[in-house]
Amino acid sequence: KPAVGFEGLKRISYEDIGGLSYELQRVRETIELPMRHPELFRKLGIEPPKGVLLYGPPGTGKTLIAKAVASESGAHFIAIAGPEVISKYYGESEQRLREVFEEARENAPAIIFIDELDSIAPRREDVTGEVERRVVAQLLTMMDGLEERGEVVVIGATNRVDAIDPALRRPGRFDREIEIGVPGEGDRAEIMKIHTRGMPLAPDVNVDDLAQQTFGFVGADLAALAREAAIRALRRYLPDIDLEVDEIPEDILDRLEVQSRDFRA
Ligand code: ATP
């Protein structure tokens, strides 16, 4: 069974994505439009994309975008992480990829999301292992075999686009590249609002100020900040709770006070 992440079962909507409006627009035009209206593309004689590469630093929302597009367009979603595909047993990695593509075809429209694509498809000259070489070859075969109807789209995510085998970036493969960068102040405020949605914040909390003070934070850091602030409030009632703590600077945490309530009530 393909592995799905923590949020895998949760429906992600476009409302759950902070910032990235231009990027999301591009992803939607590239994937959702041909998926919903294959006839338009057929009539116009243009080929819908088979692969889209999302690149940028970790925790910026690449997985989130892929899930949201799948949820919103009603596409079947299969997520795999590069390293998990690599198997030391001969032929197992290729088999795994074949299964994933088969599942997508049977459940089309479908989106296959491959996180850490560079780990299964590194530039072949950088590759020492025989497994990676065969996996790249298999992935190329599978993508070349996809029907040109936009019903199965592969979204690859990587931190470094130049680490991907160039053969995979040619037309008919991952030929669309969209950068998902670190959020600016306005985007951080939007992300913060999403992650504190429904939280009983103290009246003096100002999310815009918080956005200003969190330079360098990516979406994943802001989500961790909100989580940690909530845990702080919880701890006033349950001092002994032993929840995993993210390393958020105290002075920033002080600015996101969550009102204490007796959560057991
Ligand atoms: P990686 O390269 O590590 O896989 P990623 O870019 O795929 O990172 P995500 O998994 O999408 O990052 O983000 C991790 C979590 O951070 C999300 O589940 C979400 O809670 C939060 N997050 C990241 N970016 C955003 C965003 N733009 N808006 C709202 N939440 C975000």
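Read the numbers this way: they start at 1 and go in the same order the structure lists the ligands and their atoms. Both backbone and side-chain heavy atoms feed into the values below; hydrogens, waters and symmetry mates do not.
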Q: Provide the number and element of each atom of ligand 1 under 4.0 Å from a heavy atom of I191.
A: 26 (C), 27 (N), 28 (N), 29 (C), 30 (N)

Q: Starting from the C-alpha separation in whole Å, work towards a yes-or-no answer on salt bridge (Lys or Arg N to Asp or Glu O under 4.0 Å) for D208 and K193.
A: CA-CA 9 Å; D208 293 316; K193 280 173 193 147; 3.4 Å; yes

Q: Enumerate the residue pairs fulfilling salt bridge (Lys or Arg N to Asp or Glu O under 4.0 Å) with a member in residues 19-35, sequence neighbours excluded, ordered by first and then second residue.
A: R28-E32, E32-R36

Q: In ligand 1, which numbered atoms sit nearer than 4.0 Å to a non-hydrogen atom of D115?
A: 4 (O)

Q: Hey, is H195 touching ligand 1 through its side chain, its backbone, both or neither, going by heavy atoms under 4.0 Å?
A: side chain

Q: Compare D16, I194, N159, D221 and give the one whose heavy atom is closest to atom 29 (C) of ligand 1.
A: D16

Q: Do any nitrogen or oxygen atoms of F113 come within less than 3.5 Å of a nitrogen or oxygen of ligand 1?
A: no

Q: May I ask you to check if ligand 1 and P58 share an N or O to N or O distance below 3.5 Å?
A: no

Q: Out of V218, L64, T60, L222, whose heavy atom sits nearest atom 31 (C) of ligand 1?
A: L64

Q: Show me which atoms of ligand 1 lie under 4.0 Å from any heavy atom of G219.
A: 16 (O), 21 (C), 22 (N), 23 (C), 24 (N), 25 (C), 31 (C)

Q: Decide yes or no for D16 and R197: does some side-chain heavy atom of the first lie under 4.5 Å from some side-chain heavy atom of the second?
A: yes

Q: From the options A226, G59, P183, select the one whose nearest heavy atom is closest to atom 3 (O) of ligand 1.
A: G59

Q: Measure the shortest side-chain to side-chain distance between I114 and V100 over non-hydrogen atoms and say whether it is less than 4.5 angstrom.
A: no

Q: Please write out which residues are connected to Y22 in a hydrophobic cluster, directly or through intermediates, given that two of Ile, Leu, Val, Met, Phe, Trp, Tyr count as joined at side-chain heavy-atom separations below 4.5 angstrom.
A: none

Q: I'd like to know if E190 contacts ligand 1, where contact means a heavy-atom distance under 4.0 Å to any ligand atom.
A: no

Q: Of the non-hydrogen atoms in S93 and V85, which two are nearest, and what is the gap between them?
A: OG-O, 2.9 Å

Q: Considering the heavy atoms of L20, write down every atom of ligand 1 situated less than 4.0 Å from one of them.
A: 27 (N)

Q: Could you tell me if H76 and E106 have a donor-acceptor pair between their side chains, going purely by distance under 3.5 Å?
A: no

Q: Taking the side chain as every heavy atom from C-beta outward, state whether M192 and L225 have any pair of such atoms under 4.5 Å apart.
A: yes

